[in-house]
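Below is one structure; the comments refer to it alone.
Residues: numbered from 1 along the sequence shown. Computed from a prediction, not measured in an experiment: that's the story for all the values here.
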Amino acid sequence: MHDEFSAQVDPRWLKLMSSAREWLAGPLGQLLLEQERVLIDEELKRHFGSYLIHYGPHPEAPANCGQLRHAVRIGPPLGDVDIVCEEGAWPLGEHAADVVLLQHGLDFSLAPHRLLREAALSVRPGGHLVVVGINPWSLWGMRHYLARDALRKARCFGPSRVGDWLSVLGFALEKRRFGCYRPPLSSPKWQQRLAWMEQGEAEPNCEQAAGAGFYLLSARKLMFGLRPVPQARKEPRGKLVPMPVAKISRRESSESNE
């Protein structure tokens, strides 16, 4: 079944997702995912409901889903996914999920606007869309211009830009967090030496966020089309009273015409 699906989808997308998965499995990708896991777990603890949808090149869904009962992994046929689909054609009903998590889905995408629209449609009104991406205003974002691996293919959209897209799609941005302040060094030895840089978070409203390697945006889907229930009028309405009209007889009218 996966082979039939692979023959029908864009081979460029499959290649992009495959290379991104390999990069995330390397030392730099593991460092990034390790720091992301902390913020994602904290974020999911405050949500509840039935379904969490996870999309992205990372092959594993979050281990701690909080009060969300089911975690469904969707994406390309490259490993352990529950539902195989393209990035712009999710086989989910509208308002199917309580939370949708895009973990580097926008970074490694051929059609990011279409992907974000599919994710937005899958969120129920009042539910949340969580986006994790590489912060372009950091050494990680700068490195992708010079890298020779899959990181060079990353789109690296800024958090403010993604926030604007979410607003257009009917979402209210509730939270913006940043993490992974260590520079993108492949050496595990240097990663351990620079672990002290992960002591705290930068100011959430700061676009650069002190060079944090990734950002996490949490946005709530607004409920449009709701109207307040009309309340019964307590005071009685006044009655219409006819205005007096002067009567003119035909005789007076004829005399005046003479």
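- Nearest heavy atom pair, residue Leu78 against residue Arg21, reads O-NH1, 2.7 Å.
- In the displayed structure, Tyr51 atom OH is contacted under 6.0 Å by at most 12 heavy atoms of other residues, nucleotides or ligands.
- Taking a 6.0 Å sphere around CZ of Arg46, one finds it holds more than 12 heavy atoms contributed by other residues, nucleotides or ligands.
- The shortest side-chain heavy-atom distance between Leu116 and Leu106 falls under the 4.5 Å cut-off.
- Here the side chain of Glu87 pairs a donor or acceptor atom with the backbone of Leu110 at under 3.5 angstrom.
- One N or O on the side chain of Glu118 and one on the backbone of Trp90 form a donor-acceptor pair closer than 3.5 Å.
- Here the straight-line distance linking atom SG of Cys156 with atom CZ of Arg143 works out to 11.5 Å at 0.5 Å rounding.
- Contact record, Gly105 with Leu115: O-CD2, 3.4 Å, taken as the closest heavy-atom pair.
- Rounding to the nearest 0.5 Å places SG of Cys65 at 10.5 Å from CD1 of Ile40.
- The distance from the CG atom of Leu216 to the CG atom of Leu102 is 11.0 Å, given to the nearest 0.5 Å.
- Closest approach of Phe157 and Pro136 over heavy atoms only: O-CD, 3.7 Å.
- The same ILVMFWY cluster, assembled from side-chain heavy atoms under 4.5 Å apart, contains both Leu169 and Val100.
- In terms of modelled atom types and a separation under 3.5 Å, the side chain of Asp98 and the main chain of Ser50 share a donor-acceptor contact.
- For Arg73 (side chain) and Asp82 (main-chain N/O), no donor-acceptor pair under 3.5 Å exists by modelled atom type.
- The CD1 atom of Ile53 sits 11.0 Å away from atom NE2 of His70, with the distance rounded to the nearest 0.5 Å.
- Taking each heavy atom of Leu151 and Ala147 in turn, the nearest pair found is CB-CB, 4.2 Å.
- We find that Arg177 and Glu42 are joined by a salt bridge, their nearest charged nitrogen and carboxylate oxygen being less than 4.0 Å apart.
- A donor-acceptor pair under 3.5 Å is absent between the side-chain atoms of Arg176 and the main chain of Pro159, judged by distance alone.
- Under the 4.5 Å side-chain heavy-atom criterion for ILVMFWY residues, no single connected hydrophobic cluster contains both Met142 and Trp140.
- With contacts defined as side-chain heavy-atom distances shorter than 4.5 Å, the pair Leu52/His47 does not qualify.
- In this structure, Val123 is a member of the same hydrophobic cluster as Ile83, with clusters built from ILVMFWY side-chain heavy atoms closer than 4.5 Å.
- A heavy-atom distance below 4.5 Å is found between the side chains of Leu222 and Arg220.
- Distance check, rounded to the nearest 0.5 Å: NZ of Lys175 to CG of Leu217 gives 12.0 Å.
- Counting heavy atoms from C-beta on, the side chains of Val132 and Leu39 never come closer than 4.5 Å.
- With salt bridges taken as basic N to acidic carboxylate O contacts below 4.0 Å, none links Glu34 and Arg182.
- The distance from the CH2 atom of Trp23 to the CZ atom of Phe108 is 6.0 Å, given to the nearest 0.5 Å.
- Within the 3.5 Å criterion, the main-chain N or O of Ser109 finds a donor-acceptor partner in the side chain of Arg155.
- By the 4.5 Å heavy-atom criterion applied to side chains, Pro91 and Val84 are not counted as neighbours.
- Between Asp107 and His144 the shortest side-chain heavy-atom distance does not fall below 4.5 Å.
- Defined by atom type and a distance below 3.5 Å, a donor-acceptor pair is missing between the side-chain atoms of Glu36 and His58.
- Distance alone, capped at 3.5 Å, places no donor-acceptor pair between the Gln103 side chain and the Tyr55 backbone.
- Note: Trp165 and His113 have tilted aromatic rings, judged against thresholds of 30 and 60 degrees for the angle between ring planes.
- The closest donor-acceptor contact from the side chain of Lys221 to the backbone of Leu129 lies at 3.5 Å or more, if one exists at all.
- Note on Leu173 and Tyr215: same hydrophobic cluster, where clusters join Ile, Leu, Val, Met, Phe, Trp and Tyr whose side-chain heavy atoms are under 4.5 Å apart, directly or indirectly.
- Of all the heavy atoms in His104 and Pro57, the pair that sits closest is O-CD, 3.6 Å.
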Checklist entry - Passes side-chain contact (heavy atoms from CB on, under 4.5 Å), Ile134 versus Leu32? Steps please. => result CA-CA 9 Å; Ile134 298 174; Leu32 200 63; 4.3 Å; yes
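- The two residues Phe178 and Ala212 come nearest to each other via the heavy atoms CB-CB, 3.5 Å.
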